[in-house]
Amino acid sequence: MCKLQEGSGKGLAEWRYINVNLDASKIFRIGIDWLTLYNFEISYNSNLYITEQVTEEYYQEKFCLDEPSYTLDSTTRLYSSGKETHFKNLRFNPNKILNGHNIYNSREIELKSALLILIKELSEKGIEINLAEAKIKDVEINLNFNKSFLEVEEAFKLLFISVPHFKKISRCTRNKSYRLMFQDETLLGNYGSTLVTVYDKTEESKKLDLELDITRLEWKFLNRTFSYYANKNEKDNSLNSILNSFELIDGIFIENTKRKLLEEGIRHLENVIKTNLEKEFLAFKKANRFGKELGKKEKRGVYRYLEESCWIFDYTLLIELVDKHDKAHKTRETKTILKNYSNRNNLEKLNYLMEFIFNH
């Protein structure tokens, strides 16, 4: 396990990571990276973390404690009308509290352990919190894959192609080739209060001297959208709901991945990618037939043409085209496809990803 060594101070911020012997079972599983709680009780006897603000409309007292592994915010406003409002948020990363890093994803055991440590530290600072009625406002649920991002990038692009506001982020490789100058490392989409991202986490693992390829898929459920999915599963958004029934977290992750990524990706594959490939394949063959009738030399390189004009995605799609439209040359063409395009095996990679997710 990872070891932590206490520094000169007593707070969690003073703990530092000193050894790496990571538990793979905590890396490659569905779990929580961070969450935000509200609806809890707090009392404090220290003015160190308090700021005040006075306007014509209200008086505000804001208590804020910002640490590397958690943030505690309690704001009270007293309006000139006599109205009083209270806002309280506790955002924390149980993995960082327990291990000093977030390569792991936490489940109920780690979540409980992290809360005990956090409550104890806050008490030592003169801050008491009661989480008996706490509810979940925001949560990030993750799953890591033991694959490099480059290896599964194209499979994930199919899954993300229909995601609203789909974007990619690249990093500069400083390669002398313009084509290789930038390398994608993050895909992200936005459903409003639900965000989905897949990215390369290998570089972060290297900081822990860990020689392990990691690609992370993460869902962020913000502004109480977690409550919506909890209610769909006949649960509420209380902290106790996941502490007592953590399979709720698994179900929400799997449901969104299946419905918003996999089903939409397969629909795009069937209705767009395959349709375009067949259309361009037939157009190329038709142009060759007309050219031959006019005495022109037959053009070769139909697969290169398809690669330039379409998204091949997987070599088996080319074999399907040959089987459907060029049976007379199926043996020859299949050999050509396997020789040049067998590395485009993204359906196999997609199956791996989905089996890994749905077997949790």
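Below, each value reflects all heavy atoms present in this structure, side chains not excepted, and no hydrogens, waters or symmetry copies.
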Does T257 use its side chain to pair, donor to acceptor, with the backbone of F253 at less than 3.5 Å? yes
Is [X] salt-bridged to [Y], going by a charged N under 4.0 Å from an acidic O?
X    : Y    : answer
R91  : E140 : no
E255 : K232 : yes
E263 : R259 : no
D326 : K330 : no
E264 : R267 : yes
K157 : D184 : yes

Can you name the side-chain hydrogen bond (donor to acceptor under 3.5 Å, both in side chains) partners of E133, sequence neighbours left out? none
Using the test side-chain hydrogen bond (donor to acceptor under 3.5 Å, both in side chains), find all partners of E307 that sit at least two apart in sequence or belong to another chain. Y341, R344
Show me, pair by pair, the donor-acceptor contacts under 3.5 angstrom made by side chains of residues 311-322, not counting sequence neighbours?
from	atom 1	to	atom 2	distance (Å)
W311	NE1	E154	OE2	2.6
D314	OD1	T316	N	3.0
D314	OD1	T316	OG1	2.6
D314	OD2	N346	N	2.8
D314	OD2	L347	N	2.7

Distance-only donor-acceptor check, side chains R216 and N105, under 3.5 Å: yes
Measuring centre to centre across the rings, with the benzene-like ring taken for any Trp, is F356 within less than 6.0 Å of F145? yes
